[in-house]
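Structure first, then comments.
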Protein chains: 2
Amino acid sequence: MGQNDNQNAVPAIHRAIDVIEFISSAQRELSFSEIMDNVDIPRQSLIRILNTLCSRGFLDKSSQRGLYRIGLKFLYLGHGLPDKFELRTAAWKAMKALSQKTGKTIELSSLDRDQLILLEQIRGSEEMALYSRVGSVIPYLHAVSVGKVYLALMDPDKRRRVLRKIGLPAMTKHTITDMARLEKEIQETQERGFGFEDQELREGVRRVAAPVFNSDGKHVGCIGLSAAIFSFERDDLDKYGRMVREAAEKTSAELGYVSNP
Amino acid sequence: MGQNDNQNAVPAIHRAIDVIEFISSAQRELSFSEIMDNVDIPRQSLIRILNTLCSRGFLDKSSQRGLYRIGLKFLYLGHGLPDKFELRTAAWKAMKALSQKTGKTIELSSLDRDQLILLEQIRGSEEMALYSRVGSVIPYLHAVSVGKVYLALMDPDKRRRVLRKIGLPAMTKHTITDMARLEKEIQETQERGFGFEDQELREGVRRVAAPVFNSDGKHVGCIGLSAAIFSFERDDLDKYGRMVREAAEKTSAELGYVSNP
DNA sequence: TTTATAAATACCATATTTGATACTTAAGGA
DNA sequence: TCCTTAAGTATCAAATATGGTATTTATAAA
């Protein structure tokens, strides 16, 4: 199953997506030739692709003879997702309350195809340039509070499979790279009901996260709180842990979860 | 210039986008046959399109033999827009402050291809089910506070062109449908420096908006505040108007705008 | 003004994708 | 259990998109 299983795929669409992803990765407006030099598509074909994407709002051309950028239609389509099981809607109130109470950055994440994805974010008042971008994905479950929560609630088989797939690469010097240590951490996470990460993904950032369950009792996401180490001392762990648990529990209730069924 | 100007377009891409837009419009997960029945693409081709889009994360298939939905990649691409001239970043702080001070819904909008687009939103504490979705577009400049601000700052030629194109259709019984009345309203908007809308787009909703300028003095967006009529009396107009103006001015300053150059 | 460069258009033979038909697999109901 | 329906796979001739080359237009520099 390669990138383009010639029989079951549409090459033209693959190319269009290559173009979109390249432009998106550049994070700025690009000229025709910049795109041309980077995507390995013949000139004439590239023109047709760009025209088509522009005509549908998937790309925008700034001026007449101009630069290309990702189209605003992505804003619309991105916000119209069936709310990943209504999770975003259900979580909103609790997240907002938590944000106002703490002033910290509040995040809503979920697991998708064995990767953590940031679904929603309320940025804190701190001036960190450390925000992840909504929609970001992280495969390193072992290095993130949210990931630890997922690992803690996963059935052991899946946990082993996922961990074997990605290994325990170090993201910072604090990342847990030892399996025994990680297992202990996972157990702790199970016991206290929330996950903690101490600069394991990024230097200078601490984070806690607690699980949200839906009406079937399935673990569907996490509400997290992150802050710079200056404003999130290790002594604050229990306080913030309790807070995210509370927010997550409220969200679960919103989704119809009942703890003793 | 029809939908598919046979020479300058890629039909396969048009079809893929048709599929994406149909699935998005459904607002829920769809089966293969539901899609099949609605997009006028032969079975075999549709399968190839769906496979391709799924393999790139533009669509997701829930279970093995399952339902299709918009892929989470749209979240990522939607949030990675080069920030529409950094507007969202620049506006964030002022919007947040305004949100905390008032508890109302704060919105950031811009004009794109003669349509208003909602770029960012901080939802208020009120439980209105009236939120627009980020990325939504509205062509009815005459019925929205933001639109009035745009009209007020547009050069008269463009204003006439835009208004002729869409006319003055009534969205509610309060919508201004008389050109003389609208001109007076535009003038008022110019004088007081913010736009006002009194249930002209939606029954029960009032809204104010003020313009944001970039370092070139170009009008690049609006910060708005909206609320239900119960919590936004007509007497509050000046108060909220002053507040959005202040927020918009702060944002303009953030972008490097100086009032007397 | 001319020149140089980038972007977009035109044309058409050829290689590629397409889609009708037929077949396989899976799931749910009787 | 078998039957029915939905989803997906295989094949290959016909139809169509593709892309090399040459031309045109616009923008920026000389």
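Letters A, B, ... mirror the listed sequences (proteins, then strands); counts begin at 1.
When the nearest nucleotides of DNA chain C are assigned to A:V10 and A:F32 by heavy-atom distance, the more 5′-ward of the two goes with A:F32.
Rounding to the nearest 0.5 angstrom, the gap separating the OG atom in B:S109 from the CD1 atom in B:I138 is 8.0 Å. Rounded to the nearest 0.5 angstrom, B:Y150 OH and B:Q115 CD are separated by 13.0 Å. Between the CG atom in A:L77 and the NZ atom in B:K73 there is a gap of 14.5 Å [rounded to 0.5 Å].
The CZ atom of A:R43 sits 19 Å away from the C1' atom of D:dA17 (whole-angstrom rounding). Separating the CE atom of A:M36 from the P atom of C:dA6 is a distance of 12 Å, rounded to the nearest angstrom. The interatomic distance linking A:I13 (CD1) with C:dT16 (P) rounds to 18 Å, in whole Å. Across the protein-nucleic acid pair, B:L67 atom CG and D:dA7 atom P stand 8 Å apart, rounded to whole Å. In this structure, B:I49 atom CD1 and D:dG8 atom P are separated by 14 Å, rounded to whole Å. Atom pair B:D37:CG and D:dA6:C1' shows a separation of 12 Å (rounding to whole Å applied). For the pair B:N8 CG and D:dG19 P, the interatomic distance rounds to 15 Å; values are reported in whole Å. The distance from atom CD1 of A:I47 to atom P of D:dA17 is 18 Å, rounded to the nearest whole Å.
Counting heavy atoms from C-beta on, the side chains of B:F58 and A:I13 never come closer than 4.5 Å.
No hydrogens or angles considered: nothing links the side chains of A:Q187 and A:E183 as a donor-acceptor pair under 3.5 Å.
Candidate nucleotides D:dG8, C:dA20, D:dA17 were compared by shortest atom distance to the side chain of B:P42, and C:dA20 ranks first. Taking every side-chain heavy atom of B:R15 into account, C:dG19 is the closest of C:dG19, D:dA7, C:dA7.
An OP1 or OP2 oxygen of C:dA8 is reached within less than 4.0 angstrom by a side-chain nitrogen or oxygen of A:Y68. In this structure, B:R48 does not reach the D:dA10 phosphate: none of its side-chain N or O atoms is under 4.0 Å from OP1 or OP2. Under 4.0 angstrom from either OP1 or OP2 of C:dT17 there lies no side-chain N or O belonging to B:S45. Neither OP1 nor OP2 of D:dA6 sits under 4.0 Å from any side-chain N or O of B:S31.
For A:Q44 and C:dA10, a side-chain-to-base donor-acceptor distance below 3.5 Å is present, hydrogens and geometry of angles not being considered.
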